[in-house]
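Presented below is the structure to which this report refers.
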Amino acid sequence: MVDAARHPNIELLTYTEVKRVEGFIGNFKVLVEEKPRYVLMDRCNGCGACAPVCPIEVPNEFEEGLAPRKAIYIPHSQAVPLRYVIDIDHCIKCYKCVDACGKLDAIDFSQQPKQRWLDVGSIIVATGFDSFDPSELTEYGYGRYDNVITTLELERINNSAGPTAGQIIRPSDKKFPKKVAFIQCVGSRDERFNLYCSGFCCMYTIKNAVQWKLTYPDADITIFYMDIRTPSKGYEEFYRWAREMGIRFIQGRPALITEDPHTGNLFIQAEDVGLGQLIELESELVVLSTAAVPRADTEQMSSILNISRSPGGFFMEYHPKLRPVDSPTDGVFLAGAAQGPKDIPASVAQGSGAAARAARILNAERWEIEPIVAHVWEDRCISAQGKKCGICATKCPYNAIVVEQGKAAEVMPAKCHGCGGCVAECPHNAITQMHFTDAQILAQLHALLAKEPEKKIIAFMCHWCSYGGADNAGTSHFEYPASSRGIRVMCSARQDQDFVYEAFRLGAGMVLVSGCHPQDCHYITGQRVAAERFERLAKRLAEMGISPQRFRVEWISAAEGAKYAQVIREMDEVLRSFDPQALKEENERVRPELERRLRRLTEIPDVAKALEQVYA
Amino acid sequence: MSENGDLRIGVYVCHCGSNIAGVIDPKAVAEYAATLPDVVWATDQLYTCSDPGQRQIQEDIKKYHLNRVVVAACSVRLHEPTFRACVANAGLNPFLFEMANIREQDTWVHSHEPEAALQKAKDIVAAAVAKARFLTPLDMIEVPVTKAAMVIGGGIAGISAALDLADMGIKTYLVEKEPSIGGRMAQLNKTFPTMDCSI
Ligand SMILES: Cc1cc2nc3c(=O)[nH]c(=O)nc-3n(C[C@H](O)[C@H](O)[C@H](O)COP(=O)(O)OP(=O)(O)OC[C@H]3O[C@@H](n4cnc5c(N)ncnc54)[C@H](O)[C@@H]3O)c2cc1C
Ligand code: SF4
């Protein structure tokens with residue numbers, strides 16, 4: 001900690017929050033706001049003369065509320081920087097601290113929040129985790145029974161610098177508890193709260209139990225667990241050691257805790273899986289190993305930083321296997337428990353990994369970005385004609401498009417990630433995506449449906465997920481009928497409804513649009529934009545008279561080869577169940593309506609030419 | 001390129017040993033490809049990604065003045081970077097390359113229907129050629145880089161990242177919303193696996 005404060009290349013901005021992030025890889029602008037400390041950093045020397053005279057006492061957050069602090073305080077004795085701060089919400093402005101500070105004159109009640117913009121080439125997000133509030137689990141009585149505490153509270157009680165100076169005492173009568181029980185997976189691996197395993201709580205419980213047992217060899221310690229998870233180096237050995245020293249491990253998740261109000265002791269009811277019977281255990285203290293959960297402000301941070309979240313709510317990495325440190329936004333990296341529960345060794349490793357990933361960019365003079373970006377045809381954009389639009393900008397998950405009425409929409413290539421969502425959403429076909437232009441995609445479609453279109457399934461796929469799923473079906477050799485023909489785009493958001501209309505106009509038997517699952521989207525909200533679009537489209541196609549079974553939408557991950565194969569199998573079966581003649585007639589019936597909807601398609605540059613091709 | 005009347009497309013159909021050739025006849029696909037518009041040269045190769053395979057593409061680019069290249073082989077996710085680099089080395093813009101996946105999405109999943117698999121391979125190649133006709137050369141977008149970093153969060157992960165960056169000579173802002181850095185670790189007593197004190 002002190003190393004970071006002393007390093008000449010590190011500027012420490014404490015009591016500071018990130019308010020806004022603009023720009024792109026290599027060129028971010030970050031607005032930060034320093035909250036007023038009401039204590040001058042350059043005058044305060046941390047002497048501590050002020051706190052004793054302060055009449056206000058409030059629970060100290062650092063001590064998990066187990067000890068008080070004053071309204072003027074340092075969070076703990078090792079704080080970095082060692083500077084006092086005034087908690088203005090509780091301060092009564094008696095100014096006793098000002099007198100105590102005396103000649104140093106370090107207290108300044110006139111301070112205001114200070115904002116500044118900082119230019120950086122890369123950002124590392126290491127905002128950590130919160131602990132689950134176990135009062136939500138009413139059966140354990142946390143908050144109602146004094147002697148049910150969390151492991152974090154125990155960490156403070158069992159700490160020589162903590163509120164009890166390291167004396168283990170229980171809250172109800174300040175006596176030393178001889179019988180203690182730990183309960184694992186509180187809020188983790190529980191369908192009601194969080195499905196995931198928090199990873200490090202098994203180890204920290206064993207650690208606390210071992211430490212307790214080393215100090216008090218007579219202590220009676222029980223750990224209730226679902227499974228013990230100790231997969232890292234040396235951890236299993238540590239667990240063995242705990243068992244050998246006489247700590248009792250019982251497999252079973254307690255169902256209920258009750259309290260004897262006279263003694264303050266607790267009765268734990270659980271099923272002992274090993275014995276196969278219900279047991280009740282009396283304990284003087286119960287310690288809950290609460291889940292690691294995402295910070296309360298994760299959602300706000302994810303929108304400020306434009307990065308997405310995984311199903312559990314933690315920040316999502318670019319690729320779970322191959323790019324575990326990168327966020328989906330280029331130039332923004334993730335480190336530590338912010339990305340998912342992680343212990344200290346793993347957090348340090350990911351911190352170093354993130355530094356190296358960032359340095360790759362920062363040590364380069366210039367950075368190259370793939371040019372598969374959106375491009376506006378200025379003469380087609382109605383905003384340039386003074387009309388109000390701006391749909392593209394609202395659909396862009398990266399704020400890469402600026403629309404000013406009277407001017408054509410402008411794409412900032414360096415900010416554009418090339419999902420193509422705006423291209424498909426523009427009602428005037430005024431945007432295209434380089435390397436995935438309308439002409440290129442329609443030319444593919446045309447070629448694929450040149451012969452016997454009614455016997456074919458056109459499958460639109462996104463590069464990252466459903467195309468990967470189709471590849472996975474291949475590497476797994478999952479056979480499916482050869483009637484499908486794929487067209488790859490980067491994101492399902494690029495799959496224009498006009499492509500679907502055109503496929504049916506050309507007589508395609510079936511159309512599949514596919515992409516990632518919502519939480520896997522490489523382009524933050526691309527899948528959602530597509531999902532909304534295709535929900536509407538499915539209704540419209542049905543209204544037009546296209547049999548609903550002929551159009552299908554599926555979200556398939558790169559690991560779901562079996563699903564991809566199954567979807568095509570099912571679609572093929574449906575296709576075969578149609579009478580070919582009836583299918584042709586249906587196509588003929590809807591063709592005029594499709595042609596009406598597509599009449600402006602050929603105005604798009606190159607499209608007319610792409611559709612001209614005649615195949616032998 | 002639409003305005004470019006002089007398209008010269010080369011098509012390479014890979015056997016991938018028996019991975020493709022065990023199900024369909026790559027030669028038949030190449031012969032079909034040769035009939036497609038603007039294709040001036042089409043051939044089959046045992047392993048297109050091998051050195052000889054790539055060398056042939058590079059030689060053909062010069063010999064036949066190819067200005068678009070289509071490789072029908074495995075997945076884009078596997079070898080697109082390989083072939084982009086290959087054509088770039090022969091002086092062609094890498095975005096004038098197009099890949100047709102006739103392995104993962106054809107022969108590997110339709111081995112029981114070789115006839116249908118062959119027809120599908122032809123369609124896939126026709127689609128790739130159709131796209132290639134509309135490819136345009138693109139340049140990578142170059143942006144400048146500000147040599148400074150921001151680390152948000154001063155727990156152990158953020159401190160580690162900031163120290164590493166700073167040691168590499170990079171100016172680093174370490175932003176912490178609390179009055180002190182340290183995060184959760186500062187609250188812990190002894191820590192596993194070493195059982196030493198945390199700070
Ligand atoms: C009871 C308990 C015991 C544990 N014991 C051990 C152990 O013995 N050994 C071990 O290896 N691990 C242990 N762990 C796990 C350990 O705490 C984590 O591995 C570690 O804290 C993760 O570090 P981090 O930097 O990712 O996150 P954190 O420690 O949570 O730090 C994140 C920092 O970011 C700051 N921050 C958050 N949001 C913002 C924002 N928006 N802007 C600016 N700053 C922000 C926070 O204030 C905090 O300082 C234990 C955990 C618990 C709960
Ligand atoms: S680490 Fe252990 S206690 Fe924590 S959630 Fe996983 S299994 Fe449960």
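FYI, side chains are in, hydrogens and waters are out, and symmetry mates aren't considered; it's all heavy atoms of this structure. Computed from a predicted model, the values in this text were never measured in an experiment. Chain identifiers are assigned alphabetically (A, B, ...) following the order of the sequence lines, protein sequences preceding nucleic acid strands; residue numbering begins at 1 within each chain.
- Both the backbone and the side chain of A:Ile10 come within contact range of chain B, each with at least one heavy atom under 4.5 Å from a heavy atom of that chain.
- Interface remark: A:Ala608 contributes no atoms to any contact with chain B (heavy atom separation under 4.5 Å).
- With a 4.5 angstrom heavy-atom cutoff, A:Lys456 touches chain B only via side-chain atoms.
- Considering only heavy-atom pairs separated by less than 4.5 Å from chain B, the leading option among A:Met301, A:Lys35, A:Arg156, A:Glu17 is A:Arg156.
- Of the atoms belonging to A:Ile441, not a single heavy atom falls under 4.5 Å from chain B.
- Residues A:Thr14 and B:Glu178 share a closest heavy-atom pair of CB-O, 3.7 Å.
- The CD atom of B:Glu142 sits 10.5 Å away from the CD atom of A:Glu365 when rounded to the nearest 0.5 Å.
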Go through the steps for A:Arg488 and B:Glu80 under the test salt bridge (Lys or Arg N to Asp or Glu O under 4.0 Å), then give the verdict.
CA-CA 13 Å; A:Arg488 178 184 65 100; B:Glu80 189 179 59; 3.8 Å; yes
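- Of the two parts of A:Thr151, neither the backbone nor the side chain holds a non-hydrogen atom closer than 4.5 Å to a non-hydrogen atom of chain B.
- Between chain A and the options B:Gly182, B:Pro37, B:Ala128, heavy-atom pairs under 4.5 Å are most frequent for B:Pro37.
- Heavy-atom distances place no part of A:Arg83 under 4.5 Å from chain B, backbone and side chain included.
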Assess whether side chain to side chain contact (heavy atoms under 4.5 Å, CB included) is satisfied between B:Phe192 and A:Ile206, documenting all intermediate values.
CA-CA 9 Å; B:Phe192 69 77; A:Ile206 299 173; over 6 Å; no
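- Looking at A:Tyr204, the atoms closer than 4.5 Å to chain B (heavy atoms on both sides) sit in the backbone and in the side chain alike.
- Of all the listed residues (A:Gly486, A:Gly468, A:Ala354), the one sharing the greatest number of non-hydrogen pairs under 4.5 Å with chain B is A:Gly468.
- Across A:Ser352, A:Gly128, A:Ala335, the residue that shares the most heavy-atom pairs under 4.5 angstrom with chain B is A:Ser352.
- For A:Ile372, the part sitting under 4.5 Å from any heavy atom of chain B is the side chain, from C-beta outward, and nothing else.
- Between A:Glu479 and B:Glu113 there is no side-chain heavy-atom pair separated by less than 4.5 Å.
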B:Gln187 vs A:Glu155, side chain to side chain contact (heavy atoms under 4.5 Å, CB included): CA-CA, chis, key distance, verdict
CA-CA 7 Å; B:Gln187 280 182 293; A:Glu155 292 271 354; 6.0 Å; no
Run the numbers on A:Asn363 and B:Ile170 for side chain to side chain contact (heavy atoms under 4.5 Å, CB included), then give the verdict.
CA-CA 8 Å; A:Asn363 283 329; B:Ile170 294 162; 4.0 Å; yes
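- Contact of the A:Lys451 side chain with the B:Lys122 side chain is not registered, since no non-hydrogen atoms from C-beta on lie closer than 4.5 Å.
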Might you work through the side chain to side chain contact (heavy atoms under 4.5 Å, CB included) test for B:Thr172 and A:His7, ending with a clear yes or no?
CA-CA 10 Å; B:Thr172 303; A:His7 204 294; over 6 Å; no
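- Under the 3.5 Å distance criterion, the side-chain polar atoms of A:Arg37 are matched with a main-chain donor or acceptor of B:Pro179.
- For A:Val348, the parts lying near chain B are the backbone and the side chain together; criterion is any non-hydrogen pair under 4.5 Å.
- A:Glu33 CD to B:Lys177 NZ: the interatomic distance, rounded to the nearest 0.5 Å, is 13.5 Å.
- Atom-to-atom distance recorded for A:Arg366:CZ and B:Ile141:CD1 is 12.0 Å, nearest 0.5 angstrom.
- Atom CG of B:Leu188 sits about 7.0 Å away from atom CG of A:Leu152, to the nearest 0.5 Å.
- Partners of B:Lys147 according to the salt bridge (Lys or Arg N to Asp or Glu O under 4.0 Å) rule, which considers only residues two or more places apart in sequence or in another chain, do not exist here.
- No donor-acceptor contact under 3.5 angstrom links the side chains of A:Asn208 and B:Asn189, judged on distance only.
- Looking at A:Ser232, neither its backbone nor its side chain comes within 4.5 Å of chain B, counting heavy atoms on both sides.
- Put simply, the side chain of B:Asn101 reaches to within 4.5 Å of the side chain of A:Tyr467, judged on heavy atoms.
- Only the side chain of A:Tyr235 comes within contact range of chain B, judged by heavy atoms closer than 4.5 Å.
- When all heavy atoms of A:Ser484 and B:Lys120 are compared, the pair lying nearest together is O-CE, 3.0 Å.
- The backbone N or O of A:Gly474 sits nowhere less than 3.5 Å from a side-chain atom of B:Arg103 that would complete a donor-acceptor pair.
- Using bins of under 30°, 30° to 60° and over 60° for the plane-to-plane angle, the ring pair B:Trp108/A:His477 lands in the tilted bin.
- Interface residues of residues 158-169 of chain B toward chain A, defined by a heavy-atom distance below 4.5 Å and sorted by number: B:Gly158, B:Ile159, B:Ser160, B:Ala161, B:Ala162, B:Leu163, B:Asp164, B:Leu165, B:Ala166, B:Asp167, B:Met168, B:Gly169.
- Only the side chain of A:Pro345 comes within less than 4.5 Å of a heavy atom in chain B; its backbone stays farther off.
- Here B:Asp139 is the residue among B:Thr194, B:Asp139, B:Ile124 with the most heavy-atom pairs under 4.5 Å with chain A.
- Looking only at heavy-atom pairs under 4.5 Å with chain A, the residue among B:Leu174, B:Val175, B:Val143 that has the most is B:Val143.
- No other option in B:Ala149, B:Gly153, B:Pro144, B:Ala130 has as many heavy-atom pairs under 4.5 Å with chain A as B:Pro144.
- For a residue to count as touching a neighbouring chain, one of its non-hydrogen atoms must lie under 4.5 Å from one of that chain's; by this rule B:Leu36 touches chain A with the side chain only.
- No hydrogens or angles considered: nothing links the side chains of B:Thr146 and A:Asp119 as a donor-acceptor pair under 3.5 Å.
- Taking all atoms of both residues into account, the shortest heavy-atom contact from A:Ala558 to B:Arg77 is CB-NH2, 4.0 Å.
- With salt bridges taken as basic N to acidic carboxylate O contacts below 4.0 Å, one links B:Arg184 and A:Asp130.
- Residues A:Lys233 and B:Pro193 are not in side-chain contact: their nearest non-hydrogen atoms beyond the backbone lie 4.5 Å or more apart.
- The shortest heavy-atom contact between B:Met140 and A:Pro371 is SD-CD, 3.6 Å.
- In this structure, the portion of A:Pro75 lying under 4.5 Å from any heavy atom of chain B is its side chain and not its backbone.
- Considering only heavy-atom pairs separated by less than 4.5 Å from chain A, the leading option among B:Ala126, B:Cys74, B:Ser75, B:Ala117 is B:Ser75.
- Listed options A:Met434, A:His446, A:Glu63, A:Gln440 were ranked by heavy-atom pairs under 4.5 angstrom with chain B; first place goes to A:Gln440.
- Summarising the geometry of B:Phe134 relative to A:Ala439, their closest heavy-atom pair is CD2-CB, 4.1 Å, with the distance given to 0.1 Å.
- Residue A:Leu13 holds its CG atom at 11.0 Å from CD1 of B:Ile181, rounded to the nearest 0.5 Å.
- Between A:Met461 and B:Gln105, the shortest heavy-atom contact is CE-OE1, 3.4 Å.
- To the nearest 0.5 angstrom, B:Met150 atom CE is 11.5 Å from A:Ile124 atom CD1.
- The part of A:Gln613 that comes within reach of chain B is its side chain, from C-beta onward, which places non-hydrogen atoms under 4.5 angstrom from that chain.
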